[in-house]
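The analysis underlying the following values was restricted to heavy atoms, covering all of them including side chains, and did not include hydrogens, waters or symmetry mates. As the structure is a computational prediction, the values presented were derived from the model and not from experiment. Just so it is clear: chains get the letters A, B, ... in the order the sequence lines come, proteins before strands, and each one is counted from 1.
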Amino acid sequence: MRANDGVDLDVSWRQVHALLGENGAGKSTLMNIVYGLLRPDSGEILFDGKPVDLHSPLDAIRLGIGMVHQHFMLIPPLTVAENIVLGHEVANRGVMDLTESSHKVEQLSERFGLQVDPRERIAELSVGLQQRVEILKALYRGARLLILDEPTAVLTPQEIEGLFTIVRALVAEGKAVIFITHKLAEVSEVADVITVMRRGRVVGTTTPKESKSADLARMMVGRTVLLRVEKSPAKPGAQVLKVDNLVVLDDRRHVAVDNLSLDVRVGEIFGVAGVEGNGQNELIDALMGLRSIRAGKVQVDGREISNLSTHARLKGGLGLIPPDRHRMGVVLELSVADNLVLDDFDHPPFARWLVRQFNAIRDYAVKLIKTFDIRLQSPDQPVGSLSGGNQQKLVVARQLGTLPKLLIAGQPTRGVDVGSIEFIHRQIVSERDRGLAVLLVSSELDEVLSLSDRIGVLYRGRIVAVLDAEGADRDRIGLLMAGAS
Amino acid sequence: MAGWRRWLLSAVLVPLVSVICGFAVGAIAIVAAGADPLMAYSALFAGAFTNHNALAETLVSTTPYVLLGLAVAIGFRAGLFNIGAEGQFYIGSLSGVFVAYSIRGLPGIVEVPLAMIAGMLGGALWASIAGALKARFGAHEVITTIMLNYVSFLVASYLVDTPGLMLARNVSTPRTPDIDAGAVLPNLIPGSRLHLGFVLALLAVPIVWFLIERTTIGFRLRAVGFNQNAARAAGMSVGRTIVLTMALSGALAGAAGIVQILGVNFHMTDTVAAGYGFDAIAVALLARSNPWGVLPAALLFGALHNGASFMQLETQVSADLISIVQASVIIFVAAPAIVGWLFRLRRAPTETVAITQREVDAPTT
Amino acid sequence: MSEFLQQLDPVSLLSITLITATPLTLAALGGMMCERSGVVNIALEGIMLTGAFIGYAVAFFTHNLWIGVAAAVLSGMIIASLHAVLSISLLVDQIVSGMVINIMAVGITGVFYRTYLESATSAGPGTLPHWNVPVLSSIPVIGPIFFENQFVTYAMLVLILVVHFVLFRTVWGLRTRACGEHPRAAETAGINVHFVRYVNVITSGALAGLGGAYFSLQQIGNFLPNMTGGRGYIALAAMIFGKWTPVGAFGASLLFSGSDQIGSRMQSVFHVQIPLQFLGMLPYLLTIVVLAGAMGRAIAPAAVGRPYKKE
Amino acid sequence: GGTTPTSSSSCSKTWKVGLVTDVGKLSDKSFNFDSYKGVQDAQADSSLCVQGKAIESSTEDDYPKNIGQFVDQKYDMIVTVGFKLGDATIKAAKANPSIKFVMVDFGDFTDNPVPSNLVGLLFKEDQPGFLAGALAGLMTKTNVIGAVAGLKTVPPVVHYVQGYANGAKYVNPAVKVLTIYQPESGAKDFNDPDWGKQQATTFFGQNADIIFGVGGNTGNGGLLAAKEKGKLCIGVDVDQYVSYPDVDSCLITSAEKHLDKAVKTAITSMVQGSFKSGILNFDMSNDGVGLAPFHDFDSKISSDVKAKVADVQAKLKAGTITTGVSS
Ligand SMILES: Nc1ncnc2c1ncn2[C@@H]1O[C@H](COP(=O)(O)OP(=O)(O)OP(=O)(O)O)[C@@H](O)[C@H]1O
Ligand SMILES: Nc1ncnc2c1ncn2[C@@H]1O[C@H](COP(=O)(O)OP(=O)(O)OP(=O)(O)O)[C@@H](O)[C@H]1O
Ligand SMILES: [Mg+2]
Ligand SMILES: [Mg+2]
């Protein structure tokens, strides 16, 4: 499959060049090629007018290309200084000079106003600081062209502002910056030039002046996005989910969910808005019993479920669309049919006395594939051979197929094409109308706004405000997400 | 259609070619050792098949390889690398032989199953230690099973050497008492050592295949093997599955141990086991973790094991030669790229099968 | 009391413990270089056995122990590079590859020992000379323990420091650890992960090969089939018990070999009959305990065991 | 160590003799090796017309199979080395009355009557052990001597060691004898010279000045330690001055059991039709066991000591004294 297809991109010095595209459009892939991590099957790359052949990141670095990856490339047990100098160490005859390294790092952070403690271990740093380290890493290697792959996804608006100032400073210094994102607002704010990608192709290059957000959106997704899923107003009924003062720790044993309380009622969609990394995943894990809770109560239909197993919760009427499809949603090696019964494979009609009943499984699969319009050759083909959108539809089908009373939907449309997005949204809404209670957790504010009946804003692991979706003010929510009270 | 061609390539052709290459490498070693490969191999073949009783003897050594190969394979399917089959084989023999010599005078139909159950339980429990350590603490099973192997040898030598424990009275060799006559597995061919255990091993193949491919246990096991997170999110208990898998694997290894006692040795000595458990890893790899594949693979290893001594007798080439053949075979199986390169197979199957090639989780030790 | 001291004879006890800890430590250091770069090495046993054999064979035919030692190291590197090719370039599971080498080693040493050495009746090349370090060896207690040893043991003592320094003070060490923790990050930093891993795996072969020379050239002056007797696995245990640090591994090796010696002393000198099997279990049980997270969790390099695939 | 058959024309019939080792291989330079030497000697003796071959066993399960190999090839005599093959040998003997069977180091017929085609070769290891002990007891300057032994579960090893201790005490009541048996350890059984070496070194720390190495390569380690530390050492089973030249400079003698002779005797009896089943005991009286020459130490050992040792030897032969070891 082609992740990038006949892409032409032109970046000049002293410019912020925004690369815009929905998830899976091929932005990272393109940049990985520019950075020498992937080899293009055809085409050439010119740098300073000269054609260059990039075999490895080292070649890119030598040319002065630096990249801050979507998923940070930092080594947790090592210190900030060690991470930054790695590969270009300060040393005499092979022996590290750590004091000198730290010194250099300090100078660098002075110069660009990126404060970090060189002796700190990466594992101890916040995401925002880790990103600083990444940028310093690139600058330390003398990057003149700096690629930032979705740098804002994990930042709060303040941090984003900070980042923008840095970016402008860099450009002022004569460097070039490629700024990858799929958030329209950001583009118009920093970009000098904008290139839009869709499904691995460049659909156009423009500037903030020429085209307004709406136009960009159209270019991005191929046609006008419906900012609202048309849906009748909710008729909320009895309370299904009730969470009181929930406290959950993350893997680094820091408080991720902090005294969080919320409730979801029959026939409503409760949307949790928030910047990535504010405790969304930990919240979902805790609700599904995938992560132990430190304190607080979780009740479903007034029944305490905090110490039930995931299995028991699923049987008890919970459904989960995991935020990370490939990690938690599907087993790529197993067949579509197997994946569709992944969470109730072990009882009638799919199994009798430990023996799996393949006819029943197949019939059921065929039915779901039809209702949820999953595009495939056969229910027996491995899920890995499906496109992400269809993989995601499969996950949704599995969860809604079991007719749960509470659906916990994490990033239900991440990395999915627009057609699938609409389809999935419509499914969720229609289930709501049949009385399903939905807890929607998404870092796509637009998704939250368009789907939810009520919206809770998540910040630093707390629900800082709950407001009615009707006429909710986008900017106000933005501020709340940023921690402004 | 391309699907089954790939299957043919990866499940039949590659192993076959690998075995051939393995023997080729062995031949080089024989030449280097100043002997004639043809003579050596024909002696090996004669010792394995054509000599009087040789075939029966080959099947005798095939028996433990089948059961142990299944044991390792079942672990592979759940993403577990059970290097401990050797130790589980040993503990299984211990617990089984204890029952087999303790009970007296019951009919075989009673005694044999009792001994078998004891042996399988022993192996299962011993293996679950490693399983529990991984489930509970994330201790990597490869390391723990290696360590537990040694512990099991020492436990056995302690029990068998210590008067009042399992040491038989007035025997000149340190060993357990002989098992009760009723517990002896009947011979299949009079005058040979081929015993009912071979049939039991054959039966185990479809049973294990059914377990893995057709039951919910097998499904759970495979799902966990492929993607623990997804399995967990789907409500499966990864920890319990790991322990269960190790227990099943250990039970099969224990069965191999006790079958060897009931069919071949009739008592247990304090000498460390034959190393079947380690060869079994190779068997499972060669079988690509497919229960049916275990049969031919085990037969090959049984033949090598059995033919080796005759080869040494006839050509003075050390029986250790078969280790070279075995090692080479695994290399070619585990790195199909080599075979593909050797034979210019376009589209050589580099896709990962079982454990031979994969992104193994980092040991969370 | 003095009677007891005389029987315990701490100086010789410690000196013997240090000597028998030599191959464990060397192999453990090897395993460490390997695993710190992200490659599991359960092949230590096979590498040591090969080193012991080749080292002896070469010494036997050249009548020169030092060429033998060099050959042991070299053969260790050669067989380790097989591990490297399989597990790094061909992406074979590292455990499988290690296992292959262990089996292969038994085969090769067995076959060629039988052909070329077994029937040799003439006296072997002897053992490496004892070197008493002037002055230092005359220090009471310390002297006889540390400064009246043979080459491989001295080398071990030096190499502990060298490996520690390399791992934690040098550029190479930093890159090695980076590859072991997060190879992709290392590559984006411009490091050739495969190169780093190759060098470390081959280095581990050199160290384990030298460990092999301990048996055939330093202690026995002869080769015997299987003469490493599973010490490669105890070395693996020592490496883990020492939490992937040179000094820790050395301590673990001392503990393991020391408990062994004390066990024997119980029997021979103090006539206390404890079942030695239980002492024998000590290394393995301790390792399991550490893996279980008691006595402080042993943290393996995050990426160890994972083949690294360039896109 | 294989050999090519010598089929000298004078032979009306070649007697085929097969030998099966236990898991310790022919390379043990000790009792597997020496037993096979008996076969080879018989083969070298053209008057016997014998052709011999050996199979090494890699696992215990192989014993019956490897015996079977020779049975299938219609061998005339099958020699099994080591008591661990006892059970298998008895079974095979009962099943193949036409073939003669010889068991080295095994004569335990408590629960089975001896088949008429089976002979067990037993050695009174305690006697050479006793002699070696006497020599050590007389030669020690520190009144401390040691024995580094193989597995305690192997009877001959224990006989040697106990005889050694008693012998030393007999000539020198003040002597202190340090002994250690190798712990069960699988691969390292009888094959851990490094361990043996360290044990001997420990004994030197206890002022021992003579080491008796009893137990294949493990014992050899003890001898090596003595050589390196300039102490004295005593070999076992065979004259190790020949079989293990590395330690000649410390080897005052070896406590021998003449496995080769015994095996050859059994073969000869078959060839000459005088084969008798049951147990063949080898001791001082029939010169089946004994003390090896002093070699380099011949000049260094005082005639007085030699006389005393000779005296003890005579008494053992005559049976006027016993070793005090019950076998
Ligand atoms: N080597 C490859 N060959 C084929 N397809 C690939 C390859 N690598 C990635 N893809 C697929 O190509 C698409 C582009 O991936 P990429 O990560 O570049 O998208 P993206 O624009 O960065 O999306 P996101 O906004 O989520 O980062 C994805 O669907 C991905 O699954
Ligand atoms: N790293 C990769 N290497 C090769 N192929 C990949 C890679 N990642 C994803 N793919 C394949 O690329 C195809 C598209 O991946 P992706 O998940 O992005 O779907 P998509 O392009 O977004 O299409 P959809 O709009 O349906 O999601 C899928 O078949 C996927 O298996
Ligand atoms: Mg991306
Ligand atoms: Mg997609």
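- Residues C:Ile42 and B:Ile83 form a side-chain contact, since some pair of their non-hydrogen atoms from C-beta on lies under 4.5 Å apart.
- Both the backbone and the side chain of B:Ala32 come within less than 4.5 Å of a heavy atom in chain C.
- Taking 4.5 Å as the limit, some side-chain heavy atom of B:Ile330 sits within range of a side-chain heavy atom of C:Met99.
- For a residue to count as touching a neighbouring chain, one of its non-hydrogen atoms must lie under 4.5 Å from one of that chain's; by this rule B:Val142 touches chain C with the side chain only.
- You'll find the side chain of B:Asp161 reaches within 4.5 Å of the side chain of C:Gln277, heavy atoms only.
- The line from CG of C:Asn102 to CZ of B:Phe278 is 9.5 Å long, rounded to the nearest 0.5 Å.
- Using bins of under 30°, 30° to 60° and over 60° for the plane-to-plane angle, the ring pair C:Tyr284/B:Tyr150 lands in the parallel bin.
- Closest approach of B:Ala33 and C:Thr115 over heavy atoms only: O-CG2, 3.0 Å.
- Shortest non-hydrogen contact noted between B:Leu285 and C:Val96 is CD1-CG1, 3.7 Å.
- Note on B:Thr144, B:Thr162, B:Ile146, B:Leu133: by heavy-atom pairs under 4.5 Å with chain C, the leading option is B:Ile146.
- In terms of heavy-atom proximity, B:Ser323 sits nearest to C:Val106 at OG-CG1, 4.2 Å.
- Here the CD1-OG1 distance, from B:Ile143 to C:Thr287, works out to 9.0 Å after rounding to the nearest 0.5 Å.
- For the pair C:Met104 and B:Ser328, the minimum side-chain heavy-atom distance is below 4.5 Å.
- You'll find the side chain of C:Leu285 reaches within 4.5 Å of the side chain of B:Val151, heavy atoms only.
- Taking CD1 of C:Ile240 as the reference point, atom NE2 of B:His140 lies at 10.0 Å (rounded to 0.5 Å).
- Between B:Val155 and C:Met281, some side-chain heavy-atom pair lies under the 4.5 Å cut-off.
- Of the atoms belonging to C:Phe112, it is side-chain heavy atoms, and not backbone ones, that fall under 4.5 Å from chain B.
- For B:Leu321, the parts lying near chain C are the backbone and the side chain together; criterion is any non-hydrogen pair under 4.5 Å.
- Distance alone, capped at 3.5 Å, places no donor-acceptor pair between the C:Arg114 side chain and the B:Asp320 backbone.
- No side-chain heavy atom of B:Leu154 sits less than 4.5 Å from a side-chain heavy atom of C:Phe278.
- Contacts between C:Leu86 and chain B at a heavy-atom distance below 4.5 Å involve the side chain alone, from C-beta outward.
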